[in-house]
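When a ligand or atom number is given, it counts from 1 through the structure's own listing order. Excluded from the calculations below are hydrogen atoms, water molecules and symmetry mates; all remaining heavy atoms, backbone and side chain alike, are included.
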Amino acid sequence: MEMGDYYYKPATITVSPGASVTVTLKNVGALPHNFYCDQINPPESSLVDAGKSADFTFTAPSQAGTYDFWCSIAGHKELGMVGKLEVK
Ligand SMILES: [Cu+2]
């Protein structure tokens, strides 16, 4: 998944309930970014600096549904850095 200023591409990812998921977060922007979702465990990736890439492994929610994820750096969510985690 690419992280830019201020977006995720793709903006939707689909996972199975309770799955262990690894996403590669590739920061193609000019600012640091991360991946945060209060319904996954752990809820937050490490900060990925501009031009860097990092793997983030989390456990998906056990309940099917669509959950928001976003960048937890102040202001980035408000600037549109939000995506959808589809669990089905
Ligand atoms: Cu950000």
Side-chain angles (χ1 to χ4, degrees):
M1 162 183 283
E2 285 186 3
M3 302 191 295
D5 310 332
Y6 302 88
Y7 63 88
Y8 295 96
K9 186 178 158 186
T12 300
I13 56 175
T14 303
V15 301
S16 298
S20 177
V21 178
T22 298
V23 288
T24 299
L25 301 172
K26 183 179 180 197
N27 188 345
V28 298
L31 299 168
H33 297 294
N34 71 357
F35 183 108
Y36 177 89
C37 174
D38 55 9
Q39 301 298 313
I40 63 175
N41 183 33
E44 184 169 54
S45 77
S46 57
L47 209 56
V48 183
D49 285 328
K52 303 285 190 187
S53 195
D55 284 347
F56 173 50
T57 299
F58 63 87
T59 302
S62 54
Q63 291 283 341
T66 303
Y67 303 84
D68 283 346
F69 64 84
W70 59 88
C71 179
S72 70
I73 296 178
H76 290 197
K77 182 183 184 185
E78 290 73 15
L79 287 165
M81 200 157 178
V82 182
K84 298 280 186 201
L85 178 68
E86 190 177 59
V87 179
K88 66 178 187 186

Distance-only donor-acceptor check, side chains S72 and N34, under 3.5 Å:
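Side-chain D/A pair, S72 to N34: present.
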
Would you confirm whether Y8, through its side chain, and C71, through its main-chain N or O, come within 3.5 Å as a donor-acceptor pair?
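Side chain of Y8 to backbone of C71: a pair is present.
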
Sub-4.5 Å side-chain heavy-atom contact between [X] and [Y]:
X   : Y   : answer
E78 : Y6  : no
F58 : V23 : yes
I13 : F69 : yes

Sub-2.8 Å protein N, O or S atoms surrounding the Cu ion (ligand 1):
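The answer, once waters are left aside, is H33 ND1, C71 SG, H76 ND1.
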
Straight-line distance of F56 CZ to Y36 OH, nearest 0.5 Å:
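Interatomic distance, F56 CZ to Y36 OH, rounded to 0.5 Å: 10.5 Å.
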
